[in-house]
There are 2 protein chains.
Amino acid sequence: MTDHEGRGHEWVADCRLRAATDLFTHTWDPVVLAALRAGPRRRRELRAAIGGISDKVLTDTLRRLLAGGLVGRHAHAEAPPRVEYGLTVLGQSLVEGPMVALGRWAVDHGDELLAAQENAARRTTDP
Amino acid sequence: MTDHEGRGHEWVADCRLRAATDLFTHTWDPVVLAALRAGPRRRRELRAAIGGISDKVLTDTLRRLLAGGLVGRHAHAEAPPRVEYGLTVLGQSLVEGPMVALGRWAVDHGDELLAAQENAARRTTDP
DNA sequence: CCGTATCCCTTAAGATACTG
DNA sequence: CAGTATCTTAAGGGATACGG
């Protein structure tokens with residue numbers, strides 16, 4: 001199943017592609033990954049930088065990303081607890097590769113996307 | 001999904017990127033898009049090519065992709081109903097760009113990803 | 001063949017309050 | 001500051017049966 005290029009009828013059976021797309025199924029995962037792009041951050045910094053994410057969801061998301069091997073955690077042994085999260089090498093490759101590509105696409109086709117959505121919406125409302 | 005005061009934070013405030021990543025939050029969307037990469041397909045062909053998707057979910061997914069302007073629908077006026085779904089120009093640009101990039105990444109880093117996941121899993125089980 | 005209509009279960013994610 | 005503990009709601013996704 002190494003053959004993902006070209007034919008298309010085998011994409012679905014390609015577990016690796018499925019595994020990759022599944023990395024994006026959780027709303028906040030890409031957001032957190034993107035926020036870590038600039039470098040390691042403390043939990044609180046992350047929360048502030050992201051904005052609009054609850055403590056629980058941030059915890060859940062970080063747990064998942066840690067389990068997925070995309071994010072690493074470093075707890076400094078200090079009196080006021082200091083913990084930093086950062087992208088692993090793997091996480092970095094994902095962010096700098098496909099995610100940047102997606103971001104670029106979003107910028108290039110954002111207007112078009114919105115327009116298409118409105119157009120399709122009007123189509124279903126208008127007889 | 002509350003909007004956070006449109007200040008120019010970073011990536012997170014970039015609604016276009018959010019809009020783009022949200023295109024992947026539904027499990028089957030990328031799968032269907034990928035299945036359409038090879039060209040327009042009839043509903044039944046799609047279902048067969050994908051495998052493991054229910055009628056309802058396929059319907060939901062197609063509706064969403066249609067509403068999103070990524071997929072188009074063409075109903076031929078024939079005695080036995082014939083309907084074909086295909087990528088729009090916009091959908092094609094998404095598939096051929098970011099999605100192919102993601103697929104390539106999945107192939108290149110699939111082993112690494114699995115290894116990292118197992119590693120992280122062992123870490124949380126082993127003290 | 002192309003869908004729709006239900007019912008059911010699981011889980012993401014928000015809100016809130018509390019501990020080390 | 002870093003995290004946990006509940007509770008709640010909304011929604012994705014599966015199974016099945018029926019309608020155009």
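Residue numbers begin at 1 in each chain, while the letters A, B, ... track the order of the sequences. Bear in mind that the values here come from a model prediction, so they are computed numbers and not experimental data.
When the P atom of C/dC2 is taken as reference, atom CD of B/E78 falls 11 Å away, rounded to whole Å. Rounded to whole angstrom, the span from the CZ atom of A/R43 across to the C1' atom of D/dC1 amounts to 9 Å. As rounded to whole Å, 14 Å separates atom C1' of C/dT6 from atom CG of B/D55. Computed from coordinates, the A/R47 CZ to D/dA2 C1' distance equals 11 Å when rounded to whole Å. Rounding to whole angstrom units, CZ of residue B/R63 and P of C/dC2 are separated by 15 Å.
Residue B/Y85 places at least one side-chain N or O under 4.0 Å from the OP1 or OP2 atom of C/dG3.
The side chain of B/P81 sits closest to C/dC1 out of C/dG20, C/dG3, C/dC1.
When atom types are taken as modelled, the side chain of B/R82 and the backbone of B/R42 share no donor-acceptor pair closer than 3.5 angstrom.
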Annotated protein contacts, base or backbone, on nucleotides 9-14 of chain D with a non-hydrogen cut-off under 4.0 Å, one of B, S, - each: ---SBB

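Under the 4.0 Å criterion applied to side-chain N and carboxylate O atoms, A/D60 and A/K56 are assigned as salt-bridge partners.
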Strand DNA chain D in bracket notation, Watson-Crick/G-U under 3.5 Å with | for pairs to another chain: ||||||||||||||||||.|

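Within 4.0 Å (heavy atoms only), B/R42 reaches sugar-phosphate atoms of the nucleic acid but no base atom.
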